[in-house]
Every structure is written in structure tokens, then in C-alpha cells.
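Lettering of chains follows the sequences in order, A, B, ..., and the numbering in each one begins at 1. Since we're looking at a predicted model, the values are computed, not measured.
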Protein chains: 2
Amino acid sequence: MPRRNAPFSIIRRLPIYLRILDNLIKKDVDIISSRTLSSRTGFTAEQIRKDLAYFGAFGTRGTGYNTVFLREKLLNIIGLDKENHTIVVGAGDLGTAFGRYNLIKNPYIGVVGLFDISDEVIGKSVEGLMVQHLDCMPEVIDKYNVKVAILTIPSSQAQTVVNKLVKSGVTAILNFAPTKLNVPDYVHVHNIDLTIELQSLFYFTVLEEEKDSV
Amino acid sequence: MPRRNAPFSIIRRLPIYLRILDNLIKKDVDIISSRTLSSRTGFTAEQIRKDLAYFGAFGTRGTGYNTVFLREKLLNIIGLDKENHTIVVGAGDLGTAFGRYNLIKNPYIGVVGLFDISDEVIGKSVEGLMVQHLDCMPEVIDKYNVKVAILTIPSSQAQTVVNKLVKSGVTAILNFAPTKLNVPDYVHVHNIDLTIELQSLFYFTVLEEEKDSV
DNA sequence: TAGATTGTTAATCGATTAACAATC
DNA sequence: TAGATTGTTAATCGATTAACAATC
């Protein structure tokens, strides 16, 4: 069964469904309807059904979706039904926080490395994981077959480090450095720019003021 | 001149243009073309021109855009051409990191409060700003006329705190808690879910493997 | 059978891309 | 004037919403 190359807009919603299913299964709920999923996610029931139907007919008409079955399917589609490893490059405040966050809260992905170049943080322990020098990175990537990396280093060093990551075999990068990264076509970069997320929210406060002044 | 209610897809790109303009101005560059902006951002030149033209004719045909002039316009459109304040609610690892990040790196927005309920972090100083008890929040919001808040608390407490924020007058929330928040229509919530961002990237590694096995 | 809910097809909406006239 | 680049209109693309037939 060859998986179709699905739109990323759909893929990004699947982990949200997955988390809800995990919670339902923990509470021994067997069946869930698209309508209930809708009220829990804020997406419309139609959209949820369409998202799931894109990959197959996972539900039962008149009844709903079996939580355990759907969970298995989602894990398989996203690619979380195997050992998954990631590393965090940059062990400043943000990198440390993300490393810890994923070590504690992400049930499907193991953080197997934390890297930096500053002597101040190398050797520091984050939830039992030691920060290592950047030079150790290729070895860890190789050992754990790491394909996805989190980047939390200053923009000035980002491109250099990305080149190393790509050379070592990483094919997907979650980038927090506020800069455009150049990578080969087969590498996927997803940018999260905290400054931009915050600044763009201020637009709404402008709209509010205009409404007030009418 | 009434501002039109622009698509948020455009608004989110404006701070990216703004950052590039800031850098250019620092280097005394007077003029920039949409083509150069394209190579710096990764967006097409057509899209950039269309984004800017949505708000007015800011460029000069045959020449390009004046950096200083365009920067002023963007600041005004986004709503950054005034005193802007924000607060961070939740002073754990993530909250502390974001607080520090914005205190240091965000040139247009001032962090005026850091709040938590745990005695362990209350009183802690982050770049000279003291973590205060949640009970002090309404007062600070009022004093600085805070309209935008960053939320980095556990999901279980998120809705309660959001209700307080809304009651105090906050109209936009950058939410890192992995849960759906219920707010009145006039309040804008932008969710960033780090678990989901990371998990969805693993989809690409599945695609890669399939390609390999052909 | 009647009621419920999925899965699919069609219609709508919005965003991006392409083409080019306007004009510096 | 010739060359360059914007701003705008038209065409395309993709995602969401609506409607409903299929079926448990």
C-alpha cells in the first residue's frame, strides 16, 4: 500500500487527533465520532472526516471511529510507529527548555543528544542527558539513525550547523533561528520564529482600536 | 485612511520583511527591490509585491522600495509604531526562555511581567525582571495596558488563566499549552504546539524511506 | 426499519502564481 | 528613449465547506 504524498496541511492536524485519542484510550473510551472530535479540536467534523478519509476508510458508518484502531493508523501514517530519535542543537535557554520539554512530554520521540560549542553549557545535565560538544554530533546521529533535528542556535551559526546536519544524514529540521536556511531539495525545514509569531499578534490590537474609535 | 482587515497569511509575512529592512537600514542601504527581498526571504517577488500592494503603493516603478519609508509603513500596519508591552504567564523553563528571548531579541515589544503560582520561581530574576505571583497580573496588565500575552503553563491550568487574562483586557494570546482554549470572539488565540511541530516532521522521514525502497 | 454517522462528490472560498500594462 | 521594476488584473491551484448517498 503506497502512501500518497499528502498535503502538509492535513499532516499537521494528525498529531492533534492522536493526542486526543491517547487521552480517550487512557479513559477506556472505545468509539469516537467526528462530531465529538470536532468539539475537542475546534476543527469542523467534515474536515476531520475528510482528513482521515484521505488515507483510508477507518470509521464505521452509523457508529464512529474505534479509538485504538484509529490511533494505530495515525501512528503509521505520521511515521511514529517505530523508534524515533531527535537531537537538539544549541543548549542555551531555548534549547534546554525544548530538550527538557520533549524528554518529559513527547511520548513518541526520544531526545538522544544535546549539543553546543560553549564550554559554559557542555557537561550540563538536562533530565539526565549531558550536553555534548558539537563535534560529537555526527557520531550520535549515526548511532541512533537520527533523521530529525531541532535547531536553537543564533542565526549567525545556523547555516554552518545545518550543513553539518545535512551531511550527517538529517532530512528534517525544526528551525528556531530567525533566518532562511539553504538546504537540498530532499531536506525539509520547518521554521518557528518566535519574534514573528508575537509581532504579528499585535496586528489584532490595532484592529480592535479602530473598532473602538468608530 | 481605514485599514482593511487583511488576511492573516499576509500579516504573518510582514514582520519578516521588517526584520530584513532593519538589517538593510543598519547597513545604510536605501533601496531594495522585490527580487532581492525574494532571495532573502524565500518568497517569490510577485508575492512580496502583492503583499505590500495590499496596503498601498509603497514602491517606485523602475527603482524599488525605499527601505526607511517601507519600514515605517510596515510598523504602522502591524501596529508596532507605539509602545508595545506583553507579559509571560508561566515561568517554567519554557516561559523563562521566551521571556529572556523577547527581552533581549525583540526590538519592538517590551516584556513587562513574568507570572507564576509556584513559590519555587516567584522572586527569580530574568534579565532584571522579577517573577511575580499570578495575583499581581491584573494590576500589571492595567498599568501597562497589556493587550497581548504569552501563555506557557500546563494545559490543566490554561483555561482558568485565560479567563483571567480576558477579564483583565487581553485580546490576543500566544498559547504554548497543548490544549484548545475557549475565548470570546473578539479575542485572538494563536497556538504553537511544540509536540505537534516535531511529530509532524517525522512524516517526511517516512516519505524518504519509501523513496529509498523503490 | 429508523436513526446515526461515515465517506465522497460538488461547490465555494481564498491564496498563490503568471502575465503584463503602467511608469519611474 | 531604453531598461528596470512596480502594481494590478486574470488564471491557477489548493484547501475548506456543503450536501448527500452509502451503510452500519
Could you check how far [atom1] of [X] sits from [atom2] of [N], rounded to whole Å?
{"X": "Arg12(A)", "N": "dA15(D)", "atom1": "CZ", "atom2": "P", "value": "13 Å"}
{"X": "Phe58(A)", "N": "dC24(D)", "atom1": "CZ", "atom2": "P", "value": "17 Å"}
{"X": "Leu70(A)", "N": "dG7(C)", "atom1": "CG", "atom2": "C1'", "value": "14 Å"}
{"X": "Glu46(B)", "N": "dA21(C)", "atom1": "CD", "atom2": "P", "value": "16 Å"}
{"X": "Lys50(A)", "N": "dA11(C)", "atom1": "NZ", "atom2": "C1'", "value": "11 Å"}
{"X": "Asp51(A)", "N": "dT16(D)", "atom1": "CG", "atom2": "P", "value": "7 Å"}
{"X": "Asn5(A)", "N": "dA15(D)", "atom1": "CG", "atom2": "P", "value": "11 Å"}
{"X": "Phe8(B)", "N": "dG14(C)", "atom1": "CZ", "atom2": "C1'", "value": "16 Å"}

From [options], pick the nucleotide closest to the side chain of [X]?
{"X": "Ala53(B)", "options": "dT16(D), dT8(D), dT8(C)", "result": "dT8(D)"}
{"X": "Ser34(B)", "options": "dT6(D), dT17(C), dA15(D)", "result": "dT6(D)"}
{"X": "Arg61(B)", "options": "dT16(D), dT9(D), dA21(C)", "result": "dA21(C)"}
{"X": "Arg49(A)", "options": "dT16(D), dA10(D), dT6(C)", "result": "dT6(C)"}
{"X": "Ala57(B)", "options": "dA10(D), dG7(D), dT9(C)", "result": "dG7(D)"}

Establish, from distance only, whether the side-chain atoms of [X] and [Y] form a donor-acceptor pair under 3.5 Å.
{"X": "Ser34(B)", "Y": "Arg49(B)", "value": "yes"}
{"X": "Asp81(A)", "Y": "Tyr108(A)", "value": "no"}
{"X": "Gln159(B)", "Y": "Asn163(B)", "value": "yes"}
{"X": "Ser39(A)", "Y": "Thr36(A)", "value": "no"}

Check whether any side-chain N or O of Tyr65(A) sits under 4.0 Å from OP1 or OP2 of dA4(C), and answer yes or no.
no

Between Gln47(A) and Thr60(A), who's closer to the 5' end of DNA chain D by nearest nucleotide?
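Closer to the 5' end of DNA chain D: Gln47(A).
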
Based on the rotation axes of five pairs at each end, what angle does the helix from dG3(C)-dC24(D) to dC24(C)-dG3(D) bend through, to 10°?
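The two end axes of the helix from dG3(C)-dC24(D) to dC24(C)-dG3(D) meet at 10°.
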
Is the backbone N or O of Val29(A) less than 3.5 Å from a side-chain atom of Thr67(A), with the two atoms forming a donor-acceptor pair by type?
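Such a contact is found between Thr67(A) side chain and Val29(A) backbone.
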
Tyr101(B) side-chain N/O to Thr96(B) backbone N/O, donor-acceptor pair under 3.5 Å:
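Flag not set: sc Tyr101(B) to bb Thr96(B) has no pair under 3.5 Å.
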
Please report the closest heavy-atom contact between Gly99(A) and Val88(A), naming both atoms and the distance.
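Looks like CA-CG2, 4.0 Å.
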
